[in-house]
Amino acid sequence: MNKAILAESCECEPALQISGLGVTYGNQIALKDVSLTIEAGSITAIIGPSGCGKSSFLACLNRMTDLTAHCATTGNVELDGVDILGDAFRKPAQAAALRRCVGMIFQKPNPFPLSIAENIELGLKEHGVTDKAERREKATAALQAVGLWEEVQHRLGETALTLSGGQQQRLCIARAIALEPKILLMDEPCSALDPIASQRVEQLIAELRGRYTVVLVTHNLAQARRVADQTALFWNHGNGGELVEVAATSLLFNQPREAITKAYVGGECC
Amino acid sequence: MNNSTSLASSALANTALRHSPKGHDRWLFLLVRLCALLAAALLLLIVAFVATESGQAIQALGARLFTDSGWFPGADASGQFNLTPMIVGSLLVALLAMAISLPIAVASVLFVHSCSQPWLVIAYRRAIELLAGIPSVVFGLWGLVVIVPLLGQLQAPGTSILAGALVLALMILPTIALLADSALRAVPNELRLGGLALGLSPWRVVLRIQLLQARSGVIAGAILGLGRALGETMVVLMVCGNVVQLPTSIMQPIRTLTANIALEMAYAGGLQRSALFVSGLLLIALVVALIWSAHRMGRGYA
(Lines give C-alpha, C1' and ligand atoms only; values in the text may rest on other atoms or scores of the structure.)
Protein backbone atom coordinates (compact mmCIF):
# COMPACT_ATOMS: atom_id res chain seq x y z
CA MET A 1 0.00 0.00 0.00
CA ASN A 2 1.19 3.47 -0.87
CA LYS A 3 1.34 5.88 2.08
CA ALA A 4 0.22 8.77 -0.10
CA ILE A 5 -2.90 6.85 -1.05
CA LEU A 6 -3.75 6.36 2.62
CA ALA A 7 -3.71 10.11 3.09
CA GLU A 8 -6.44 10.61 0.51
CA SER A 9 -8.67 7.62 0.95
CA CYS A 10 -8.22 4.27 2.60
CA GLU A 11 -7.53 2.12 -0.40
CA CYS A 12 -6.05 -0.87 1.34
CA GLU A 13 -6.73 -4.49 2.16
CA PRO A 14 -7.88 -4.13 5.77
CA ALA A 15 -5.97 -7.05 7.23
CA LEU A 16 -3.66 -6.55 10.19
CA GLN A 17 -0.45 -8.44 10.82
CA ILE A 18 0.76 -7.77 14.34
CA SER A 19 4.15 -9.07 15.38
CA GLY A 20 6.11 -8.68 18.60
CA LEU A 21 3.93 -5.80 19.76
CA GLY A 22 4.80 -4.30 23.16
CA VAL A 23 3.55 -1.22 25.04
CA THR A 24 5.17 0.54 27.97
CA TYR A 25 4.05 3.53 30.04
CA GLY A 26 7.29 4.92 31.43
CA ASN A 27 8.83 2.04 33.36
CA GLN A 28 5.62 0.08 33.49
CA ILE A 29 5.06 -2.69 30.95
CA ALA A 30 1.45 -2.87 29.79
CA LEU A 31 1.79 -5.39 27.01
CA LYS A 32 4.58 -7.54 25.63
CA ASP A 33 5.31 -9.64 22.59
CA VAL A 34 1.88 -9.97 21.04
CA SER A 35 1.73 -11.56 17.59
CA LEU A 36 -1.63 -11.91 15.94
CA THR A 37 -3.20 -11.97 12.48
CA ILE A 38 -6.50 -10.25 11.85
CA GLU A 39 -8.31 -11.17 8.64
CA ALA A 40 -10.00 -8.56 6.48
CA GLY A 41 -13.71 -8.23 7.19
CA SER A 42 -13.65 -10.41 10.29
CA ILE A 43 -14.62 -9.65 13.87
CA THR A 44 -11.91 -10.30 16.44
CA ALA A 45 -12.79 -10.21 20.13
CA ILE A 46 -10.13 -9.45 22.72
CA ILE A 47 -11.03 -10.81 26.16
CA GLY A 48 -9.28 -10.99 29.49
CA PRO A 49 -9.41 -9.54 33.00
CA SER A 50 -8.85 -5.83 33.75
CA GLY A 51 -5.25 -4.70 33.44
CA CYS A 52 -4.23 -7.33 30.91
CA GLY A 53 -3.41 -4.78 28.20
CA LYS A 54 -6.52 -5.12 26.00
CA SER A 55 -7.10 -1.38 25.70
CA SER A 56 -3.39 -0.69 25.20
CA PHE A 57 -3.41 -3.24 22.37
CA LEU A 58 -6.36 -1.51 20.73
CA ALA A 59 -4.76 1.93 21.14
CA CYS A 60 -1.73 0.77 19.12
CA LEU A 61 -3.84 -0.06 16.10
CA ASN A 62 -4.65 3.59 15.32
CA ARG A 63 -1.78 5.22 17.19
CA MET A 64 -3.92 6.59 20.02
CA THR A 65 -0.85 5.63 22.06
CA ASP A 66 0.77 8.82 20.72
CA LEU A 67 -1.67 10.85 22.83
CA THR A 68 -0.63 9.34 26.14
CA ALA A 69 2.44 10.83 27.79
CA HIS A 70 5.44 8.49 28.23
CA CYS A 71 3.79 5.76 26.19
CA ALA A 72 6.12 3.82 23.88
CA THR A 73 5.54 0.89 21.54
CA THR A 74 7.79 -1.83 20.14
CA GLY A 75 7.18 -4.32 17.35
CA ASN A 76 5.14 -3.93 14.18
CA VAL A 77 1.52 -3.47 13.22
CA GLU A 78 1.25 -3.97 9.48
CA LEU A 79 -1.82 -2.71 7.68
CA ASP A 80 -1.76 -4.15 4.17
CA GLY A 81 1.99 -4.54 4.46
CA VAL A 82 2.82 -1.06 5.83
CA ASP A 83 4.01 -0.68 9.41
CA ILE A 84 1.69 1.91 10.97
CA LEU A 85 3.85 2.13 14.08
CA GLY A 86 6.68 3.42 11.88
CA ASP A 87 7.95 6.98 12.07
CA ALA A 88 6.14 7.99 8.86
CA PHE A 89 2.84 7.89 10.75
CA ARG A 90 4.13 9.96 13.67
CA LYS A 91 3.37 13.16 11.77
CA PRO A 92 -0.02 14.57 12.81
CA ALA A 93 -1.35 14.65 9.24
CA GLN A 94 -0.40 11.00 8.62
CA ALA A 95 -1.75 9.95 12.02
CA ALA A 96 -5.02 11.74 11.23
CA ALA A 97 -5.24 9.93 7.87
CA LEU A 98 -4.60 6.64 9.64
CA ARG A 99 -7.30 7.32 12.22
CA ARG A 100 -9.75 8.07 9.46
CA CYS A 101 -9.06 4.57 8.09
CA VAL A 102 -9.00 2.92 11.48
CA GLY A 103 -11.92 4.34 13.47
CA MET A 104 -12.39 3.96 17.20
CA ILE A 105 -15.45 3.62 19.43
CA PHE A 106 -15.01 4.26 23.14
CA GLN A 107 -16.47 2.63 26.20
CA LYS A 108 -18.45 5.69 27.23
CA PRO A 109 -20.43 7.27 24.39
CA ASN A 110 -18.72 10.60 23.67
CA PRO A 111 -20.88 12.65 21.30
CA PHE A 112 -19.64 16.20 20.75
CA PRO A 113 -21.71 19.05 22.21
CA LEU A 114 -23.05 19.74 18.71
CA SER A 115 -26.20 18.82 16.86
CA ILE A 116 -26.78 15.24 15.75
CA ALA A 117 -25.99 16.11 12.11
CA GLU A 118 -22.93 18.21 13.01
CA ASN A 119 -21.49 15.32 15.03
CA ILE A 120 -21.14 13.40 11.79
CA GLU A 121 -20.47 16.29 9.43
CA LEU A 122 -17.57 17.69 11.47
CA GLY A 123 -15.34 14.75 10.58
CA LEU A 124 -16.46 14.80 6.94
CA LYS A 125 -15.61 18.48 6.69
CA GLU A 126 -12.17 17.87 8.18
CA HIS A 127 -11.49 15.14 5.67
CA GLY A 128 -12.25 17.27 2.65
CA VAL A 129 -15.96 16.80 1.91
CA THR A 130 -16.56 20.47 1.10
CA ASP A 131 -19.99 20.16 -0.47
CA LYS A 132 -22.71 20.66 2.13
CA ALA A 133 -25.31 18.52 0.37
CA GLU A 134 -22.80 15.70 -0.02
CA ARG A 135 -21.99 15.88 3.71
CA ARG A 136 -25.67 15.65 4.58
CA GLU A 137 -26.08 12.71 2.20
CA LYS A 138 -23.18 10.80 3.77
CA ALA A 139 -24.45 11.61 7.27
CA THR A 140 -27.87 10.24 6.33
CA ALA A 141 -26.33 7.06 4.97
CA ALA A 142 -24.26 6.59 8.14
CA LEU A 143 -27.31 7.12 10.36
CA GLN A 144 -29.23 4.58 8.29
CA ALA A 145 -26.37 2.10 8.56
CA VAL A 146 -26.51 2.19 12.37
CA GLY A 147 -30.32 2.08 12.42
CA LEU A 148 -30.64 5.54 13.95
CA TRP A 149 -32.20 7.32 10.98
CA GLU A 150 -35.81 6.47 11.82
CA GLU A 151 -35.34 7.72 15.35
CA VAL A 152 -33.58 11.02 14.63
CA GLN A 153 -34.51 12.10 11.09
CA HIS A 154 -36.85 14.81 12.36
CA ARG A 155 -34.41 16.25 14.88
CA LEU A 156 -31.05 16.32 13.16
CA GLY A 157 -30.56 19.90 14.36
CA GLU A 158 -31.03 19.08 18.02
CA THR A 159 -28.07 18.64 20.31
CA ALA A 160 -26.77 15.07 20.40
CA LEU A 161 -26.75 15.17 24.20
CA THR A 162 -30.54 14.69 24.25
CA LEU A 163 -30.16 11.16 22.84
CA SER A 164 -30.23 8.15 25.12
CA GLY A 165 -27.00 6.33 25.96
CA GLY A 166 -27.57 3.61 23.38
CA GLN A 167 -28.50 6.13 20.70
CA GLN A 168 -25.40 8.18 21.55
CA GLN A 169 -23.21 5.12 21.13
CA ARG A 170 -24.78 4.32 17.78
CA LEU A 171 -24.25 7.96 16.76
CA CYS A 172 -20.56 7.58 17.66
CA ILE A 173 -20.40 4.49 15.45
CA ALA A 174 -22.17 6.40 12.65
CA ARG A 175 -19.70 9.24 13.10
CA ALA A 176 -16.84 6.82 12.55
CA ILE A 177 -18.30 4.90 9.60
CA ALA A 178 -19.31 8.12 7.80
CA LEU A 179 -15.58 8.58 7.15
CA GLU A 180 -15.61 5.26 5.27
CA PRO A 181 -12.97 3.53 7.37
CA LYS A 182 -11.74 0.01 6.76
CA ILE A 183 -11.23 -1.02 10.35
CA LEU A 184 -13.24 -0.25 13.48
CA LEU A 185 -11.73 -0.56 16.95
CA MET A 186 -14.28 -0.88 19.74
CA ASP A 187 -13.27 -0.59 23.38
CA GLU A 188 -16.05 -2.23 25.42
CA PRO A 189 -18.71 -0.37 23.41
CA CYS A 190 -21.62 -1.88 25.34
CA SER A 191 -20.40 -1.85 28.90
CA ALA A 192 -21.87 1.57 29.73
CA LEU A 193 -25.27 0.74 28.24
CA ASP A 194 -28.41 -0.88 29.60
CA PRO A 195 -29.13 -4.46 28.42
CA ILE A 196 -31.55 -3.51 25.66
CA ALA A 197 -29.34 -0.76 24.22
CA SER A 198 -26.40 -3.12 24.59
CA GLN A 199 -28.18 -5.78 22.59
CA ARG A 200 -29.00 -3.26 19.86
CA VAL A 201 -25.35 -2.18 19.57
CA GLU A 202 -24.18 -5.79 19.60
CA GLN A 203 -26.57 -6.60 16.76
CA LEU A 204 -25.14 -3.63 14.87
CA ILE A 205 -21.59 -4.92 15.36
CA ALA A 206 -22.64 -8.28 13.92
CA GLU A 207 -24.13 -6.46 10.91
CA LEU A 208 -20.78 -4.74 10.30
CA ARG A 209 -19.12 -8.07 9.57
CA GLY A 210 -17.71 -8.26 6.08
CA ARG A 211 -17.95 -4.52 5.45
CA TYR A 212 -15.42 -3.59 8.12
CA THR A 213 -12.68 -5.35 9.98
CA VAL A 214 -13.74 -5.10 13.64
CA VAL A 215 -11.53 -5.47 16.70
CA LEU A 216 -13.74 -5.64 19.77
CA VAL A 217 -12.48 -5.47 23.34
CA THR A 218 -15.10 -6.88 25.67
CA HIS A 219 -15.58 -8.10 29.21
CA ASN A 220 -18.72 -9.87 28.15
CA LEU A 221 -17.72 -13.44 27.24
CA ALA A 222 -21.15 -14.25 25.91
CA GLN A 223 -20.91 -11.28 23.58
CA ALA A 224 -17.53 -12.44 22.26
CA ARG A 225 -19.02 -15.85 21.72
CA ARG A 226 -22.01 -14.48 19.83
CA VAL A 227 -20.34 -12.00 17.47
CA ALA A 228 -16.65 -12.81 17.05
CA ASP A 229 -15.07 -14.96 14.34
CA GLN A 230 -11.82 -15.10 16.25
CA THR A 231 -11.15 -14.55 19.94
CA ALA A 232 -7.91 -13.74 21.73
CA LEU A 233 -7.34 -14.04 25.47
CA PHE A 234 -4.87 -11.66 27.11
CA TRP A 235 -3.50 -12.21 30.59
CA ASN A 236 -1.26 -10.34 32.96
CA HIS A 237 0.95 -12.65 35.04
CA GLY A 238 2.18 -9.66 37.03
CA ASN A 239 4.77 -8.30 34.63
CA GLY A 240 2.72 -6.96 31.74
CA GLY A 241 -0.09 -8.33 29.60
CA GLU A 242 0.53 -11.19 27.18
CA LEU A 243 -1.41 -13.04 24.55
CA VAL A 244 -2.35 -16.42 26.03
CA GLU A 245 -4.29 -17.94 23.22
CA VAL A 246 -5.93 -16.95 19.97
CA ALA A 247 -8.25 -19.19 17.99
CA ALA A 248 -11.53 -19.34 16.13
CA THR A 249 -14.18 -18.37 18.66
CA SER A 250 -15.93 -21.73 18.89
CA LEU A 251 -12.60 -23.48 19.22
CA LEU A 252 -11.36 -21.18 21.97
CA PHE A 253 -14.54 -21.55 24.00
CA ASN A 254 -15.13 -25.26 23.46
CA GLN A 255 -11.65 -26.74 23.14
CA PRO A 256 -9.23 -24.30 24.79
CA ARG A 257 -5.58 -25.24 24.47
CA GLU A 258 -4.35 -23.50 27.60
CA ALA A 259 -5.37 -24.19 31.18
CA ILE A 260 -5.88 -20.45 31.89
CA THR A 261 -8.22 -20.15 28.94
CA LYS A 262 -10.23 -23.11 30.10
CA ALA A 263 -10.54 -21.65 33.59
CA TYR A 264 -11.35 -18.13 32.34
CA VAL A 265 -14.02 -19.03 29.79
CA GLY A 266 -15.45 -21.56 32.21
CA GLY A 267 -15.79 -18.86 34.87
CA GLU A 268 -13.65 -20.82 37.29
CA CYS A 269 -10.92 -18.29 38.05
CA CYS A 270 -10.93 -14.87 39.77
CA MET B 1 -36.76 -14.31 58.04
CA ASN B 2 -39.42 -11.61 58.02
CA ASN B 3 -39.03 -11.13 61.72
CA SER B 4 -35.29 -10.69 61.65
CA THR B 5 -35.55 -8.20 58.77
CA SER B 6 -38.00 -5.99 60.60
CA LEU B 7 -35.87 -6.26 63.75
CA ALA B 8 -32.82 -5.19 61.86
CA SER B 9 -34.59 -2.28 60.22
CA SER B 10 -36.01 -1.00 63.49
CA ALA B 11 -32.55 -1.20 65.04
CA LEU B 12 -31.26 0.83 62.11
CA ALA B 13 -33.99 3.41 62.63
CA ASN B 14 -33.08 3.69 66.31
CA THR B 15 -29.45 4.35 65.54
CA ALA B 16 -30.42 6.93 62.95
CA LEU B 17 -32.58 8.71 65.51
CA ARG B 18 -29.85 8.77 68.12
CA HIS B 19 -27.32 10.17 65.70
CA SER B 20 -29.51 12.95 64.36
CA PRO B 21 -29.80 15.71 66.96
CA LYS B 22 -32.99 17.24 65.69
CA GLY B 23 -32.65 20.38 67.78
CA HIS B 24 -29.21 21.18 66.36
CA ASP B 25 -30.47 20.59 62.84
CA ARG B 26 -33.23 23.10 63.33
CA TRP B 27 -30.88 25.79 64.65
CA LEU B 28 -28.40 25.26 61.85
CA PHE B 29 -31.17 25.40 59.27
CA LEU B 30 -32.47 28.65 60.78
CA LEU B 31 -28.99 30.18 60.79
CA VAL B 32 -28.35 29.27 57.16
CA ARG B 33 -31.71 30.69 56.17
CA LEU B 34 -31.00 33.92 58.02
CA CYS B 35 -27.66 34.34 56.28
CA ALA B 36 -29.25 33.79 52.87
CA LEU B 37 -31.93 36.33 53.72
CA LEU B 38 -29.32 38.85 54.85
CA ALA B 39 -27.33 38.51 51.62
CA ALA B 40 -30.43 39.01 49.48
CA ALA B 41 -31.72 41.83 51.68
CA LEU B 42 -28.42 43.73 51.45
CA LEU B 43 -28.68 43.92 47.69
CA LEU B 44 -32.29 45.04 47.84
CA LEU B 45 -31.47 47.63 50.50
CA ILE B 46 -28.63 49.12 48.46
CA VAL B 47 -30.79 49.37 45.34
CA ALA B 48 -33.66 50.80 47.37
CA PHE B 49 -31.38 53.38 49.01
CA VAL B 50 -29.86 54.50 45.71
CA ALA B 51 -33.33 54.66 44.14
CA THR B 52 -34.72 56.76 47.03
CA GLU B 53 -31.82 59.17 46.92
CA SER B 54 -32.19 59.60 43.15
CA GLY B 55 -35.91 60.24 43.53
CA GLN B 56 -35.50 64.03 43.97
CA ALA B 57 -33.59 64.45 40.70
CA ILE B 58 -35.83 62.11 38.73
CA GLN B 59 -38.96 63.96 39.93
CA ALA B 60 -37.56 67.45 39.39
CA LEU B 61 -35.76 66.82 36.09
CA GLY B 62 -37.30 63.72 34.48
CA ALA B 63 -36.19 63.36 30.89
CA ARG B 64 -33.96 66.43 31.28
CA LEU B 65 -31.37 64.01 32.75
CA PHE B 66 -30.80 62.83 29.18
CA THR B 67 -31.71 65.88 27.09
CA ASP B 68 -30.17 68.91 28.87
CA SER B 69 -27.60 70.94 27.00
CA GLY B 70 -24.72 69.67 29.11
CA TRP B 71 -23.45 68.83 32.58
CA PHE B 72 -23.29 72.07 34.59
CA PRO B 73 -24.97 70.88 37.76
CA GLY B 74 -26.16 73.05 40.62
CA ALA B 75 -28.10 72.56 43.83
CA ASP B 76 -31.35 73.60 42.11
CA ALA B 77 -33.05 73.00 38.77
CA SER B 78 -31.40 76.02 37.10
CA GLY B 79 -28.31 73.87 36.34
CA GLN B 80 -27.84 71.53 33.37
CA PHE B 81 -27.93 67.80 34.16
CA ASN B 82 -27.35 65.73 31.01
CA LEU B 83 -25.97 62.29 31.95
CA THR B 84 -25.92 60.86 28.40
CA PRO B 85 -22.21 61.60 27.71
CA MET B 86 -21.26 59.74 30.88
CA ILE B 87 -23.42 56.72 29.97
CA VAL B 88 -21.88 56.60 26.50
CA GLY B 89 -18.40 57.03 28.00
CA SER B 90 -18.87 54.19 30.49
CA LEU B 91 -20.23 51.82 27.86
CA LEU B 92 -17.57 52.64 25.27
CA VAL B 93 -14.65 52.17 27.64
CA ALA B 94 -16.00 48.91 29.10
CA LEU B 95 -17.01 47.35 25.78
CA LEU B 96 -13.74 48.33 24.09
CA ALA B 97 -11.81 46.87 27.04
CA MET B 98 -13.79 43.65 26.65
CA ALA B 99 -13.21 43.55 22.89
CA ILE B 100 -9.46 43.81 23.50
CA SER B 101 -9.30 41.49 26.49
CA LEU B 102 -11.59 38.59 25.55
CA PRO B 103 -9.66 37.35 22.48
CA ILE B 104 -6.31 37.69 24.25
CA ALA B 105 -7.54 35.90 27.36
CA VAL B 106 -9.13 33.03 25.42
CA ALA B 107 -6.15 32.69 23.09
CA SER B 108 -3.72 32.57 26.03
CA VAL B 109 -5.80 29.89 27.72
CA LEU B 110 -5.95 27.86 24.51
CA PHE B 111 -2.18 28.10 24.24
CA VAL B 112 -1.75 26.80 27.77
CA HIS B 113 -4.10 23.90 27.07
CA SER B 114 -2.23 22.85 23.97
CA CYS B 115 1.13 23.26 25.66
CA SER B 116 2.78 20.13 26.98
CA GLN B 117 5.39 21.70 29.29
CA PRO B 118 3.95 21.39 32.81
CA TRP B 119 6.27 24.05 34.28
CA LEU B 120 5.14 26.59 31.68
CA VAL B 121 1.50 25.87 32.46
CA ILE B 122 2.07 26.35 36.18
CA ALA B 123 4.07 29.54 35.60
CA TYR B 124 1.26 30.90 33.41
CA ARG B 125 -1.42 30.19 36.02
CA ARG B 126 0.62 31.78 38.84
CA ALA B 127 1.27 34.85 36.69
CA ILE B 128 -2.43 35.27 35.87
CA GLU B 129 -3.38 34.88 39.54
CA LEU B 130 -0.81 37.50 40.48
CA LEU B 131 -2.14 39.84 37.82
CA ALA B 132 -5.59 39.50 39.38
CA GLY B 133 -4.18 40.61 42.72
CA ILE B 134 -2.67 43.94 41.60
CA PRO B 135 -4.68 46.88 43.02
CA SER B 136 -6.44 49.04 40.46
CA VAL B 137 -4.65 52.20 41.58
CA VAL B 138 -1.35 50.62 40.54
CA PHE B 139 -2.79 49.84 37.10
CA GLY B 140 -4.02 53.44 36.96
CA LEU B 141 -0.63 54.85 37.89
CA TRP B 142 1.08 52.71 35.27
CA GLY B 143 -1.48 53.78 32.69
CA LEU B 144 -0.94 57.41 33.58
CA VAL B 145 2.85 57.38 33.24
CA VAL B 146 3.20 54.84 30.38
CA ILE B 147 0.06 54.47 28.24
CA VAL B 148 -1.15 58.08 28.34
CA PRO B 149 2.18 59.64 27.19
CA LEU B 150 2.48 57.00 24.46
CA LEU B 151 -1.00 57.74 23.13
CA GLY B 152 -0.29 61.44 23.59
CA GLN B 153 2.49 61.16 21.01
CA LEU B 154 -0.04 59.80 18.52
CA GLN B 155 -2.70 62.37 19.33
CA ALA B 156 -2.86 64.85 22.19
CA PRO B 157 -3.85 64.82 25.00
CA GLY B 158 -3.39 61.04 25.46
CA THR B 159 -5.95 60.74 28.22
CA SER B 160 -8.71 59.06 26.24
CA ILE B 161 -11.21 56.25 25.79
CA LEU B 162 -8.44 54.09 24.30
CA ALA B 163 -6.13 54.68 27.27
CA GLY B 164 -8.87 53.64 29.68
CA ALA B 165 -9.83 50.61 27.59
CA LEU B 166 -6.22 49.41 27.30
CA VAL B 167 -5.58 49.56 31.04
CA LEU B 168 -8.99 48.05 31.87
CA ALA B 169 -8.38 45.27 29.35
CA LEU B 170 -5.27 44.32 31.27
CA MET B 171 -7.19 44.44 34.55
CA ILE B 172 -10.05 42.18 33.47
CA LEU B 173 -7.83 39.75 31.57
CA PRO B 174 -7.10 37.54 34.60
CA THR B 175 -10.79 37.28 35.49
CA ILE B 176 -11.70 36.03 32.03
CA ALA B 177 -8.62 33.85 31.69
CA LEU B 178 -9.03 32.13 35.07
CA LEU B 179 -12.68 31.25 34.44
CA ALA B 180 -12.05 30.13 30.87
CA ASP B 181 -9.09 28.06 32.07
CA SER B 182 -11.07 26.19 34.71
CA ALA B 183 -13.95 25.66 32.29
CA LEU B 184 -11.61 24.16 29.70
CA ARG B 185 -9.98 21.97 32.31
CA ALA B 186 -13.41 20.59 33.21
CA VAL B 187 -14.04 19.35 29.65
CA PRO B 188 -13.91 15.53 29.75
CA ASN B 189 -10.85 14.02 28.10
CA GLU B 190 -13.07 11.54 26.22
CA LEU B 191 -14.29 14.37 24.01
CA ARG B 192 -10.73 15.26 23.04
CA LEU B 193 -9.84 11.63 22.36
CA GLY B 194 -13.06 11.12 20.42
CA GLY B 195 -12.21 14.04 18.16
CA LEU B 196 -8.63 12.92 17.61
CA ALA B 197 -9.79 9.36 16.92
CA LEU B 198 -11.84 10.72 14.02
CA GLY B 199 -8.65 12.15 12.59
CA LEU B 200 -9.53 15.76 13.45
CA SER B 201 -6.54 18.07 13.76
CA PRO B 202 -5.68 19.07 17.35
CA TRP B 203 -6.66 22.68 16.68
CA ARG B 204 -10.03 21.70 15.29
CA VAL B 205 -10.64 19.61 18.40
CA VAL B 206 -9.77 22.55 20.66
CA LEU B 207 -11.74 25.17 18.75
CA ARG B 208 -14.80 23.22 17.65
CA ILE B 209 -15.25 20.80 20.54
CA GLN B 210 -13.44 21.73 23.72
CA LEU B 211 -14.05 25.48 23.53
CA LEU B 212 -17.70 24.88 22.70
CA GLN B 213 -18.10 22.59 25.68
CA ALA B 214 -16.45 25.24 27.90
CA ARG B 215 -18.42 28.18 26.51
CA SER B 216 -20.57 28.75 29.60
CA GLY B 217 -17.42 29.27 31.67
CA VAL B 218 -15.98 31.65 29.08
CA ILE B 219 -19.22 33.63 29.02
CA ALA B 220 -19.31 33.74 32.83
CA GLY B 221 -15.76 35.12 32.80
CA ALA B 222 -16.73 37.72 30.21
CA ILE B 223 -19.73 38.83 32.30
CA LEU B 224 -17.63 39.19 35.44
CA GLY B 225 -14.95 41.05 33.50
CA LEU B 226 -17.48 43.39 31.92
CA GLY B 227 -19.06 44.10 35.29
CA ARG B 228 -15.67 44.92 36.70
CA ALA B 229 -14.80 47.17 33.77
CA LEU B 230 -18.09 49.09 34.08
CA GLY B 231 -17.71 49.54 37.81
CA GLU B 232 -14.02 50.41 37.81
CA THR B 233 -13.44 53.95 39.05
CA MET B 234 -9.82 54.60 39.92
CA VAL B 235 -8.30 53.67 36.54
CA VAL B 236 -10.79 55.61 34.42
CA LEU B 237 -10.48 58.58 36.78
CA MET B 238 -6.73 58.61 36.20
CA VAL B 239 -6.42 57.94 32.46
CA CYS B 240 -9.68 58.93 30.72
CA GLY B 241 -9.37 62.69 31.12
CA ASN B 242 -12.77 63.29 32.77
CA VAL B 243 -14.02 65.72 30.11
CA VAL B 244 -17.81 65.57 29.80
CA GLN B 245 -18.45 65.17 26.07
CA LEU B 246 -19.95 62.84 23.50
CA PRO B 247 -16.81 61.46 21.83
CA THR B 248 -16.33 61.24 18.08
CA SER B 249 -13.15 59.15 18.27
CA ILE B 250 -11.58 56.75 20.75
CA MET B 251 -8.62 59.13 21.09
CA GLN B 252 -10.81 61.72 22.86
CA PRO B 253 -11.09 62.09 26.62
CA ILE B 254 -14.40 61.21 28.26
CA ARG B 255 -15.91 61.02 31.73
CA THR B 256 -17.55 57.81 32.94
CA LEU B 257 -20.48 57.49 35.35
CA THR B 258 -18.18 56.14 38.06
CA ALA B 259 -15.65 58.95 37.68
CA ASN B 260 -18.49 61.47 37.74
CA ILE B 261 -19.66 60.22 41.12
CA ALA B 262 -16.15 60.07 42.57
CA LEU B 263 -15.23 63.55 41.35
CA GLU B 264 -18.29 65.44 42.59
CA MET B 265 -19.70 63.55 45.57
CA ALA B 266 -17.47 65.35 48.07
CA TYR B 267 -19.03 68.77 47.53
CA ALA B 268 -22.38 68.04 45.83
CA GLY B 269 -25.65 69.04 47.48
CA GLY B 270 -29.35 69.21 46.62
CA LEU B 271 -30.26 68.26 43.07
CA GLN B 272 -26.62 67.71 42.06
CA ARG B 273 -26.20 65.13 44.82
CA SER B 274 -29.40 63.42 43.80
CA ALA B 275 -28.31 63.42 40.13
CA LEU B 276 -25.13 61.63 41.17
CA PHE B 277 -27.27 58.92 42.75
CA VAL B 278 -29.09 58.68 39.40
CA SER B 279 -25.63 57.98 37.90
CA GLY B 280 -25.27 55.13 40.38
CA LEU B 281 -28.72 53.78 39.57
CA LEU B 282 -27.93 53.86 35.84
CA LEU B 283 -24.69 52.02 36.48
CA ILE B 284 -26.55 49.24 38.28
CA ALA B 285 -29.10 49.11 35.44
CA LEU B 286 -26.33 48.88 32.83
CA VAL B 287 -24.61 45.99 34.61
CA VAL B 288 -27.90 44.12 35.00
CA ALA B 289 -28.79 44.68 31.34
CA LEU B 290 -25.38 43.45 30.17
CA ILE B 291 -25.49 40.36 32.36
CA TRP B 292 -28.97 39.59 31.11
CA SER B 293 -28.00 39.91 27.44
CA ALA B 294 -24.86 37.83 27.98
CA HIS B 295 -27.01 35.10 29.52
CA ARG B 296 -29.30 35.19 26.52
CA MET B 297 -26.32 34.91 24.21
CA GLY B 298 -25.06 31.90 26.18
CA ARG B 299 -28.45 30.21 25.91
CA GLY B 300 -28.53 30.81 22.17
CA TYR B 301 -25.50 28.62 21.66
CA ALA B 302 -26.69 25.81 23.90
Side-chain angles (χ1 to χ4, degrees), chain A residues 6-7 10 58-59 61-64 66-70 92-115 118-128 158-162 168-169 171-172 174-179 181 184-187 192, chain B residues 106 109-125 179-222 295-302:
Chain A
L6 180 60
C10 323
L58 211 58
L61 304 186
N62 68 345
R63 293 195 73 114
M64 291 299 276
D66 289 354
L67 306 172
T68 309
H70 310 298
Q94 280 294 328
L98 172 69
R99 289 178 194 136
R100 181 199 175 170
C101 264
V102 186
M104 191 171 214
I105 315 297
F106 295 79
Q107 178 175 5
K108 220 176 125 212
N110 55 356
F112 304 136
L114 302 165
S115 76
E118 284 170 326
N119 257 280
I120 301 175
E121 289 169 7
L122 185 62
L124 290 169
K125 207 191 274 180
E126 175 87 12
H127 291 291
E158 277 177 40
T159 164
L161 305 176
T162 56
Q168 287 186 1
Q169 192 64 301
L171 178 65
C172 291
R175 188 168 80 181
I177 66 180
L179 302 180
L184 286 175
L185 310 175
M186 303 196 177
D187 195 352
Chain B
V106 172
V109 169
L110 290 182
F111 163 71
V112 164
H113 276 261
S114 60
C115 166
S116 52
Q117 252 77 36
W119 65 268
L120 196 60
V121 175
I122 291 168
Y124 168 84
R125 291 203 174 116
L179 271 126
D181 184 32
S182 65
L184 262 175
R185 268 195 283 177
V187 174
N189 197 35
E190 289 98 49
L191 281 183
R192 187 179 75 96
L193 292 180
L196 293 170
L198 284 179
L200 302 185
S201 72
W203 276 110
R204 180 92 68 158
V205 172
V206 168
L207 291 177
R208 287 289 277 128
I209 299 170
Q210 291 179 290
L211 196 57
L212 193 71
Q213 177 80 5
R215 70 185 175 277
S216 60
V218 178
I219 290 172
H295 267 299
R296 277 191 65 95
M297 257 169 57
R299 263 217 312 270
Y301 286 114

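- Only the side chain of A/L179 comes within contact range of chain B, with heavy atoms under 4.5 Å apart.
- Note that CG of B/L200 and NE2 of A/H127 are 6.0 Å apart. Values are rounded to the nearest 0.5 Å.
- A/L122 has its side chain within reach of B/I209: a pair of non-hydrogen atoms, C-beta onward, lies under 4.5 Å apart.
- With a 4.5 angstrom heavy-atom cutoff, A/R175 touches chain B via backbone and side-chain atoms both.
- Contact count versus chain B (heavy atoms, under 4.5 Å) is highest, among A/K108, A/Q107, A/R99, for A/R99.
- Contact between B/L191 and A/F112 at its shortest, heavy atoms only, is O-CE2, 3.7 Å.
- The shortest distance between side-chain heavy atoms of A/N110 and B/L193 does not fall below 4.5 Å.
- Using a 4.5 Å cut-off between heavy atoms, A/P181 does not touch chain B at all.
- Closest of all the heavy-atom pairs between B/G199 and A/A96 is O-CB, 3.3 Å.
- With sequence neighbours excluded, the residues satisfying side-chain hydrogen bond (donor to acceptor under 3.5 Å, both in side chains) with A/E118 are A/S115.
- Between B/S201 and A/E126, the shortest heavy-atom distance links the atoms N-OE2, 3.0 Å.
- By number of non-hydrogen pairs under 4.5 angstrom with chain A, the leading residue of B/Q213, B/R204, B/Q210, B/R192 is B/R204.
- In this structure, A/M64 and B/A197 approach most closely via the heavy-atom pair CE-CB, 3.9 Å.
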